[in-house]
Amino acid sequence: MRRTTLAIACLLVVGLAGLSASDDQWPRFRGLHAGAVPDDPSLPDTWSETENVVWKTAVPGLGWSSPVVWDDHVFLTSAVAAGAEEIPVPGLYDEHDHISANTVHRWVVYDFDFETGALRWERELHRELPRLRRHIKNSYASETPVTDGERLYVYFGSIGLVTALDMEGEVVWQRQIGVFNTLIELGTAASPALHGDRLYLVNDNTTASFMVALDKHTGEEIWRVERDERGNNWSTPVVWENRVRTEIVTAGSDGVRSYDLDGALLWELYGMSNLTTPSPFVSNGLVYISSGYPGGALRPVYAIHPGAEGDISIWADEESTWSRRFPGNRASSEYVAWAYPLLGTYNTSALVYRGYYYTLLDRGLLLNHNARTGREVYGRQRIRVGSGFTASPWGYNGKVFLLSEAGDTYVIKAGPEFEVLHTNPLNEMTLATPAVVRGNLFIRTQSSLYRIARSAAP
């Protein structure tokens, strides 16, 4: 008994040590826990353009990728135009508000020093006049890189280029996986996922949608699977290590699909909205999936148990019948823990924090549900009239943070009661989801990158 107790204690210590070490880095889009951050008294509750700002540095060009952080490196990508280009302003746009590039662009990776914000190195990976058009609120550098601490893996979907760089900015390998247009020429945004020795990328396009696995050491293609998609997907895949197996869960406008690590289809789920932007994420032993094109008849959220097989669709039939078959949030599949037909968001990915599932609607409404059961905790709460949201929410120290397109972060009390505690303005358009690591918050605005921490010197 004593040996067993000691063994369990040792496993717990090792597990906690591993968790602590991993939480010291922010290696991918939304971090390791999809925006849920361990409590840290160094993390700020309030800030402005000057308050609690450790440093602010200019970032050339236009890119809506998020920062990733490893040790003393803060990586960011951008597309830098040689001349004047039309830039977006906050607000709602028609889906057909797309533009063509007027000048040659440079696709660039930046490495900023964690402590000072000084530029450590800059690496241009490609230069050309962009071939694809983009929505005015998108950019040619919207995909967030991913790192394992030895290499930085960068994907620019607008030029089809995948690059591995070492931590000093030297190119290790490059691979071209193809340049493809999206429906309505909205541009690309799905970020790569890294697991083990493989890099996974999803490219849903109007020509030949696919997912590909590359060897992270060499860039060689290991496998590629076709996807029956129409080209409306800006969702980043998630590698889900669950109690049954490890799988790659992908969202798409025509359906959700999960693959094993060799690209074989494990399960699928039909019933999504016309355009898909939110990324699947894992929490509480479930994988959460959503899409919510405005005005769509179906804007679903699904919470899925491990072990699913085959077609687990619950809303794949006509609009006239799905509401009768599946009212409320009661699941009609043993693998669907809970679901709602009209809870999905257009751009933001949801947040699970301290047992609550927070939905941030793009027009400035917040909803709260029990993350395990789907039971509604509170319905739509207005954050501020006229505020639009694209960045995904995050949470720490008992608070939920909502960053608007205008650069205002609304601080919400976490828990069953809705309360706006205060607002933190940066007074510049912001679409990128921040990074939170080692007591610091990194926010990318249209022109700058901020490092923010409690009681920072002015």
Side-chain angles (χ1 to χ4, degrees), residues 22 24-29 31-32 54-82 104-128 130 139-177 188-195 197-201 214-220 236 432-435 437-438 440 442-445 447-451:
S22 66
D24 283 343
Q25 315 294 351
W26 195 271
R28 65 191 187 202
F29 176 64
L32 294 173
V54 181
W55 50 255
K56 173 186 176 183
T57 188
V59 181
L62 179 64
W64 291 124
S65 59
S66 296
V68 297
V69 182
W70 193 279
D71 291 342
D72 55 353
H73 302 268
V74 183
F75 299 109
L76 210 56
T77 64
S78 188
V80 184
V104 169
H105 282 56
R106 298 186 302 118
W107 281 263
V108 182
V109 181
Y110 298 103
D111 179 8
F112 298 102
D113 184 86
F114 184 98
E115 292 298 329
T116 67
L119 181 64
R120 298 167 60 94
W121 51 259
E122 170 186 343
R123 185 71 62 233
E124 179 183 315
L125 299 182
H126 190 71
R127 181 187 300 222
E128 70 171 34
S139 75
Y140 289 118
S142 292
E143 298 87 354
T144 297
V146 63
T147 183
D148 57 7
E150 296 182 0
R151 302 282 186 270
L152 179 73
Y153 303 92
V154 179
Y155 175 49
F156 291 119
S158 58
I159 55 174
L161 186 65
V162 189
T163 305
L165 304 99
D166 66 22
M167 302 304 272
E168 301 308 316
E170 297 302 319
V171 173
V172 179
W173 56 258
Q174 285 190 314
R175 184 168 186 87
Q176 174 59 244
I177 66 170
T188 64
S191 302
L194 182 65
H195 181 267
D197 291 331
R198 296 181 180 182
L199 188 69
Y200 301 101
L201 301 104
L214 305 179
D215 186 306
K216 78 170 188 178
H217 301 290
T218 66
E220 292 300 312
T236 299
T433 298
V437 60
R438 280 174 261 141
N440 294 269
F442 292 86
I443 297 180
R444 179 184 196 164
T445 66
S447 68
S448 302
L449 177 65
Y450 286 82
R451 177 187 165 195

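One is the number of the first residue; the rest follow in order along the sequence.
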I need the [X] [atom1] to [Y] [atom2] distance, nearest 0.5 Å.
X: H126; Y: I159; atom1: NE2; atom2: CD1; value: 5.0 Å
X: S78; Y: H105; atom1: OG; atom2: NE2; value: 9.0 Å
X: T445; Y: W64; atom1: OG1; atom2: CH2; value: 7.0 Å
X: D197; Y: L214; atom1: CG; atom2: CG; value: 12.5 Å

Are Y153 and Y200, when compared by the centres of their aromatic rings, separated by less than 6.0 Å?
no
I'd like to know whether CD of E150 has more than 12 heavy-atom contacts from other residues, nucleotides or ligands below 6.0 angstrom.
no
Report the C-alpha distance between Y155 and L199 in whole Å, list the side-chain angles of each, state the deciding distance to 0.1 Å, and finish with yes or no for side-chain contact (heavy atoms from CB on, under 4.5 Å).
CA-CA 10 Å; Y155 175 49; L199 188 69; over 6 Å; no
Considering all heavy atoms, the nearest [X]-[Y] contact:
X: V68; Y: P145; value: CG1-O, 3.3 Å
X: V146; Y: R28; value: CG2-CB, 3.8 Å
X: W173; Y: K216; value: NE1-O, 3.0 Å
X: T77; Y: V154; value: CG2-CG1, 4.0 Å
X: W107; Y: A79; value: NE1-CB, 4.2 Å

Would R444 and S65 satisfy side chain to side chain donor-acceptor pair (under 3.5 Å), going step by step from the backbone distance to the final call?
CA-CA 9 Å; R444 179 184 196 164; S65 59; 2.9 Å; yes
Output, in order, the C-alpha distance, side-chain angles, deciding distance and verdict of side-chain contact (heavy atoms from CB on, under 4.5 Å) for F112 and L119.
CA-CA 5 Å; F112 298 102; L119 181 64; 3.8 Å; yes
Do [X] and [Y] come close enough that some side-chain heavy atom pair is under 4.5 Å?
X: V69; Y: R438; result: yes
X: P27; Y: L32; result: yes
X: L449; Y: W55; result: yes

For A189, is there any backbone N or O sitting under 3.5 Å from a side-chain donor or acceptor partner on S142?
no
According to salt bridge (charged side-chain N to carboxylate O under 4.0 Å, His left out), does anything in residues 109-121 pair up with another residue at least two apart or in another chain? List the pairs.
D72-R120, D111-R120, D113-R120, E115-R451
Evaluate the criterion side-chain contact (heavy atoms from CB on, under 4.5 Å) for residue pair L165 and E170; output intermediate values, then yes/no.
CA-CA 5 Å; L165 304 99; E170 297 302 319; over 6 Å; no
Under 3.5 Å side-chain donor-acceptor pair for S66 and W26:
no
Please identify each residue that fulfils salt bridge (Lys or Arg N to Asp or Glu O under 4.0 Å) with E122, with sequence neighbours left out.
R106
Take M167 and W121 through the side-chain contact (heavy atoms from CB on, under 4.5 Å) test and state the conclusion after the steps.
CA-CA 10 Å; M167 302 304 272; W121 51 259; over 6 Å; no
Apply ring pair (Phe, Tyr, Trp, His ring centres under 6.0 Å) to residues F442 and F114 and explain how you reach the verdict.
CA-CA 10 Å; F442 292 86; F114 184 98; 5.5 Å; yes
Quick check on side chain to side chain contact (heavy atoms under 4.5 Å, CB included): which of L201, T236, V162, T188 does E143 satisfy it with?
T188
